[in-house]
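All figures in this text were calculated on a predicted structure; none of them were measured in a lab. We count ligands from 1, going down the list as the structure has it; atoms in each ligand are counted the same way.
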Amino acid sequence: MFPEWFEGPLGVSIVGRAIEDGILEVELIDLRPHGLGRHKQLDDAPFGGGPGMVMRIEPLAEVLEPLAETHRVLFTPSGDPMTQSTLDRWSSLPEITFVCGRYEGIDQRVIDHFIDEETSLGDYVLAGGEVAAAAAIEGIARLLPGVVGNPDSTEFESFRDGLLEEPVYTRPAEFRGWKVPEILLSGDHARIEAWRAEQRRRRTEERRPDLLDGLQSET
Ligand code: ADE
């Protein structure tokens with residue numbers, strides 16, 4: 001409903017460059033022209049009463065039915081949480097359709113017949129799916145071959161091995177008396193790698209023990 005919303009997110013940084021370089025293509029579809037009647041209406045009052053408006057099925061059917069060959073994702077707080085593995089999976093698809101819901105909801109028949117997957121950005125309520133779609137597009141773009149300069153840099157980061165990242169430092173080695181951990185200046189690569197692995201493990205234990213549970217149940 002707000003294609004202009006994406007001008008910023010699609011225009012700058014990694015996503016902007018991926019589009020410019022022809023690695024990523026994004027087509028924005030404005031729902032409004034598919035609305036009903038003279039006012040191009042997209043929503044209506046809920047059957048059974050209650051507050052808020054519900055997006056009608058006809059405009060979305062018109063847009064989503066011809067896109068049945070694509071993977072059609074609806075962003076909604078009721079969906080499965082979006083994680084790095086969601087983005088890994090999506091990044092290998094040739095084409096994906098993101099549906100940004102607005103208003104208080106979407107007629108359930110749209111979801112039953114024209115949506116392949118429901119996804120949530122997190123356990124909070126936004127005004128619509130645009131922020132989630134922009135997050136997904138950026139997360140996918142940086143996984144595409146040729147987008148990030150260093151091909152290693154997306155492989156060893158948080159969530160790839162199921163752990164959070166270790167802390168990193170650069171020059172100066174001391175600032176206001178705050179020192180970089182001695183080991184990182186030692187030149188002993190085996191010990192440095194062991195220290196980094198230990199930091200990842202400890203950080204994850206402290207901040208996100210739920211991620212460790214996930215790792216254990218996978219093995
Ligand atoms: N739309 C509104 N809230 C949302 C959320 N948390 N995730 C995805 N889409 C949304």
Side-chain angles (χ1 to χ4, degrees), residues 1-15 18 24 26-35 40-65 67-68 70-93 95-144 157-159 162 164 207-208 210-211 213-214:
M1 292 172 56
F2 302 105
E4 68 277 13
W5 189 93
F6 288 91
E7 276 166 29
L10 296 181
V12 296
S13 188
I14 282 191
V15 175
L24 173 70
V26 180
E27 182 192 353
L28 295 169
I29 300 173
D30 189 357
L31 279 180
R32 186 61 65 181
H34 301 275
K40 299 292 172 194
Q41 187 188 351
L42 293 170
D43 63 338
D44 217 325
F47 278 126
M53 299 289 270
V54 176
M55 289 180 81
R56 291 179 61 121
I57 191 169
E58 302 95 318
L60 284 162
E62 197 170 286
V63 169
L64 292 174
E65 194 157 42
L67 295 171
T70 74
H71 188 63
R72 296 163 300 182
V73 175
L74 173 68
F75 286 112
T76 162
S78 309
D80 296 327
M82 186 164 84
T83 66
Q84 190 60 45
S85 74
T86 315
L87 297 178
D88 290 344
R89 178 162 51 83
W90 290 350
S91 71
S92 66
L93 298 174
E95 201 170 340
I96 186 163
T97 301
F98 292 138
V99 183
C100 303
R102 279 266 155 181
Y103 298 130
E104 282 71 20
I106 296 193
D107 189 299
Q108 182 60 37
R109 292 166 294 181
V110 174
I111 297 162
D112 293 344
H113 300 284
F114 301 113
I115 291 295
D116 301 304
E117 182 172 3
E118 293 176 82
T119 302
S120 170
L121 194 60
D123 291 338
Y124 38 79
V125 180
L126 304 167
E130 286 82 2
V131 172
I137 291 168
E138 184 170 306
I140 289 169
R142 55 189 296 289
L143 295 176
L144 299 177
E157 65 196 357
S158 289
F159 303 118
L164 302 182
R207 300 179 183 186
R208 294 293 305 278
D210 57 303
L211 294 178
D213 295 345

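- Glu4 CD: more than 12 foreign heavy atoms inside a 6.0 Å radius.
- Although no hydrogens or angles enter the test, the distance criterion places no donor-acceptor pair under 3.5 Å between the side chain of Arg56 and the main chain of Leu42.
- Checked against a 3.5 angstrom limit, the closest N/O atoms of Ala127 and ligand 1 fall outside it.
- When non-hydrogen atoms are compared, ligand 1 lies under 4.0 Å from neither the backbone nor the side chain of Val131.
- Close contacts between ligand 1 and Gly122 involve ligand atoms 6 (N) [criterion: under 4.0 Å to a heavy atom].
- Of the polar atoms of Thr76, at least one N or O is found under 3.5 Å from an N or O of ligand 1, judged by distance alone.
- A perpendicular orientation is assigned to the rings of Phe75 and Trp90, their planes being inclined by more than 60° (bins at 30° and 60°).
- Checking side-chain atoms of Asp116 against main-chain N and O of His71 turns up no donor-acceptor pair under 3.5 Å.
- Ranking protein heavy atoms by distance to atom 10 (C) of ligand 1, first place goes to Pro77 CD, 3.6 Å.
- Those atoms of ligand 1 with a heavy atom of Leu126 less than 4.0 angstrom away are 2 (C), 3 (N).
- The side chain of Ala132, and not its backbone, has at least one atom closer than 4.0 Å to an atom of ligand 1 (non-hydrogen atoms only; side chain from C-beta on).
- At the shortest separation from atom 6 (N) of ligand 1 among protein heavy atoms lies Tyr124 O, 2.7 Å.
- Taken from CD1 in Ile137 to CZ in Phe6, the straight-line distance is 5.5 Å, to the nearest 0.5 Å.
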